[in-house]
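Reading through the structure tokens given below for one structure.
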Protein chains: 2
Amino acid sequence: MAKKNKITIKDIANALNISTAAVSKALHNDSRISEKTKKAVRQVAKNLNYQPNHLASALRSGKSKLVGVIVPKTNSNYFSSVIQNIEEILNGEGYNIIITHSNESYKKECANIDALLFTQVDGIIASMANETVNLEHYEKIKNIGIPLITFDRGENDLNVDYIGIDDYDSSHTIIDHLVAQGCRRIAHIGGYKHTRIYNNRIRGYIDALQKHNLPSDKELLIQSSLTTEDGKVQMQRLLNLKNRPDAVYVASDYAALGALQILKEKNIDVPNTIALVGFGNEPFANMVTPSLTSMNLHSARIGKIAAKTFLEYTKKEKVNYSLNKIILDAKLIVRESSNKKGI
Amino acid sequence: MAKKNKITIKDIANALNISTAAVSKALHNDSRISEKTKKAVRQVAKNLNYQPNHLASALRSGKSKLVGVIVPKTNSNYFSSVIQNIEEILNGEGYNIIITHSNESYKKECANIDALLFTQVDGIIASMANETVNLEHYEKIKNIGIPLITFDRGENDLNVDYIGIDDYDSSHTIIDHLVAQGCRRIAHIGGYKHTRIYNNRIRGYIDALQKHNLPSDKELLIQSSLTTEDGKVQMQRLLNLKNRPDAVYVASDYAALGALQILKEKNIDVPNTIALVGFGNEPFANMVTPSLTSMNLHSARIGKIAAKTFLEYTKKEKVNYSLNKIILDAKLIVRESSNKKGI
DNA sequence: TATATTTGCTTAATCGATTAAGCAAATATA
DNA sequence: TATATTTGCTTAATCGATTAAGCAAATATA
């Protein structure tokens with residue numbers, strides 16, 4: 001019935017014969033409004049089924065109570081878990097989130113940022129696309145003056161808060177583990193060097209090999225897009241080598257999955273002929289046969305910290321960006337694909 | 001520098017010594033504004049780096065250009081694919097989407113709807129939580145008069161557009177396949193009957209068995225939450241039967257995965273002792289060993305159709321809800337877990 | 001009792017963009 | 001040439017909520 005005619009504070013004001021200002025204040029529990037009036041306003045609001053118009057209050061207050069989230073993809077468990085935890089924290093403080101994904105495309109990422117700024121979000125929490133090298137679109141966010149928090153894939157150059165794990169150290173943990181398993185010729189299918197986290201993993205890989213006095217063979221270090229498809233391609237490339245590796249450390253579970261499929265196809269014994277370690281601890285790591293050793297990235301904690309970091313900014317008068325790095329320790333989950341001793 | 005002082009149409013108007021009305025019209029390419037003025041306005045807007053204030057225009061026009069999406073979970077490939085495709089279509093028409101997930105909880109779903117309505121979305125595309133039986137919160141959306149489109153998990157009682165697959169028919173396809181494989185005692189780990197899609201799958205299962213003159217044993221029909229965890233529990237229950245099934249049709253890949261893990265644990269030959277079929281064709285269906293036969297649900301098409309259905313409504317003067325059912329044919333992807341003949 | 005403070009509201013401006021109504025100048029038509 | 005129409009803008013109201021400024025009545029303080 002009464003479909004179109006939405007209830008506004010004006011309707012409440014008219015019903016009680018008071019001003020809209022009084023209604024607004026009563027609804028916000030202003031101390032200068034009498035309890036009697038407040039009660040009456042709340043009652044009428046309830047009776048009329050009043051729903052505040054968010055656009056109007058957002059326009060007036062300058063706060064949309066929306067936070068934008070940019071992830072490279074939503075169909076990875078890592079990112080969807082981060083998102084869930086961001087949402088949980090922010091919902092509790094009256095914020096809603098707008099989720100966008102770049103699909104690893106720089107162009108899409110730019111479009112996402114434009115869309116989010118257009119929607120007048122109060123802040124942005126982002127993890128960058130693989131393609132992203134130029135950071136101008138992120139500088140745009142900073143220029144507007146709303147909080148910008150990065151996680152997982154961020155860049156030092158941007159000089160904003162960052163939450164992630166210690167990638168350099170994680171590589172050490174993985175190499176230490178593989179060496180302890182008796183592996184001596186360890187390959188690395190890594191991401192692109194221009195992305196900080198992948199660069200750190202590569203550096204960690206090289207330094208850890210050196211630490212163990214193992215040769216660092218150039219043909220064993222591969223840069224990849226880290227998709228399942230490219231994992232297959234790169235694993236095949238490693239198998240084509242005259243001198244094959246006895247272990248492969250892959251910087252993403254998705255690519256590790258592709259590698260595993262090739263290894264199974266070729267009937268290569270995993271872990272005894274070639275041990276395999278992934279990164280990210282996606283749920284399927286536990287589902288495949290052999291189950292995949294992988295690094296757990298604490299997605300839930302990262303999401304919660306990112307959200308809380310944003311909330312910190314909202315309490316400040318002015319946004320002063322700072323590279324506040326929060327680095328968590330990742331945990332290696334050892335499974336069949338790298339456990340030669342069978343326990 | 002010029003951080004806080006955002007550029008508005010007033011700034012453009014002042015720069016050119018014309019009215020804000022003229023600027024607004026020029027930016028919207030109104031035919032009553034001269035080309036000369038339009039060019040000047042566009043130039044100044046560009047120079048000043050003008051970004052329209054979405055909240056203001058949304059408030060005035062009554063259109064937020066936001067669409068809410070409610071899914072039970074985002075970490076399933078099915079839902080994330082639907083979302084991606086909704087987004088793709090809607091972005092093309094200038095809409096942004098707000099993604100929320102109920103986490104299968106009725107309470108969370110209610111909260112999501114309130115949050116979306118509060119944000120003044122122009123429409124909602126939803127798939128219901130497992131827990132949802134009462135539909136009052138969805139009626140609220142209808143009362144407000146914005147488009148409501150459901151997919152996958154919808155209810156006839158709601159009488160709104162629905163996009164999904166033919167669940168009843170899908171069960172027939174699966175049973176036909178299992179019977180062709182020589183299975184005679186087929187169990188069904190299904191969802192809750194109160195959810196239409198699961199009820200249809202159950203009805204299809206029962207009718208298909210009858211069609212093949214197979215006994216429909218009550219102990220072989222199980223209602224489940226269809227999580228991986230419950231898949232394990234229910235598979236164990238089936239194995240405890242005196243008269244075990246020789247095939248299990250599970251209404252979700254997640255639960256099928258749990259079932260498969262139990263079967264592997266007990267060293268039961270899949271598919272030869274017990275054949276297994278899942279539903280949803282999640283990516284891991286292809287990753288596990290043995291790979292899992294499953295129903296492909298056309299997530300991309302469903303997302304695109306849902307978005308286009310919403311867009312249809314926006315072209316109409318008034319929203320007239322109608323149960324416009326769009327039913328796609330699901331496709332059975334036969335893999336190792338049910339392929340006894342080996343090809 | 002006279003003055004100061006507090007209480008409980010109202011008035012009017014405002015956030016930025018859009019739009020109905022209208023007006024003067026330019027152009028078209030009779 | 002006189003009138004009608006079109007062009008290109010302006011003025012002012014509006015979307016709904018918030019808030020600074022202010023006022024009268026009630027209460028507190030000197």
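Throughout, a chain's letter reflects where its sequence line sits, starting with A, and its residues are numbered from 1. If you're wondering where the values come from, they're calculated on a predicted model, not measured in any experiment.
Judged by closest nucleotide on DNA chain C, B/Ser57 is the one of B/Ser57 and B/Arg32 placed further toward the 5' end. Annotation: of the two residues near DNA chain D, B/Ile33 and B/Ala56, the 5′-most nearest-nucleotide partner is B/Ile33.
For A/Arg60, counting side-chain heavy atoms from C-beta on, the closest listed nucleotide (C/dC9, C/dG16, C/dT14) is C/dT14. Here C/dA12 is the nucleotide among D/dG8, C/dA12, C/dT18 with the atom lying nearest to any side-chain atom of A/Ala21. Counting only heavy atoms from C-beta on, A/Leu59 has its side chain closest to C/dG16 among D/dT18, C/dG16, D/dT10. For B/Tyr50, taking side-chain heavy atoms from C-beta onward, the closest of the listed nucleotides D/dC9, C/dA17, D/dA17 is C/dA17. The side chain of B/His28 lies closest to C/dT18, out of C/dT18, C/dC9, C/dA17. Checking C/dA17, D/dC9, D/dT18 against every side-chain atom of A/Ser24, the shortest atom distance belongs to D/dT18. Residue A/Ile9 has its side chain nearest to D/dT18 when only D/dT18, C/dT10, D/dG16 are considered.
Comment: A/Glu93 does not engage A/Lys308 in a salt bridge, judged by the lack of any side-chain N to carboxylate O separation of less than 4.0 angstrom.
Aromatic pair B/His101/B/Phe79: centroids not less than 6.0 angstrom apart.
Phosphate contact (OP1/OP2 of D/dC9, side-chain N/O of B/Thr37, threshold under 4.0 Å): present. Note on B/Ser19: a side-chain N or O is less than 4.0 Å away from OP1 or OP2 of D/dT10.
For the 3.5 Å distance criterion, the side chains of B/Gln43 and B/Asn47 qualify, holding a donor opposite an acceptor.
Across all strands, B/Ser61 comes closer than 4.0 Å to no nucleic acid atom at all (heavy-atom distances). Among the protein residues, B/Ile18 comes within range of the sugar-phosphate backbone only, with heavy atoms under 4.0 Å from sugar or phosphate atoms but none that close to a base.
Between atom OG of residue A/Ser76 and atom CG of residue A/Asp152 there is a gap of 8.5 Å, rounded to the nearest 0.5 Å. A/Ile302 contributes atom CD1, which lies 8.0 Å from atom CD1 of A/Ile163 (distance to the nearest 0.5 angstrom).
Taking atom CG on B/Asn14 and atom P on D/dT10, their separation rounds to 12 Å, with Å as the unit. In this structure, B/Glu35 places its CD atom 11 Å from P of D/dC9, rounding to the nearest Å.
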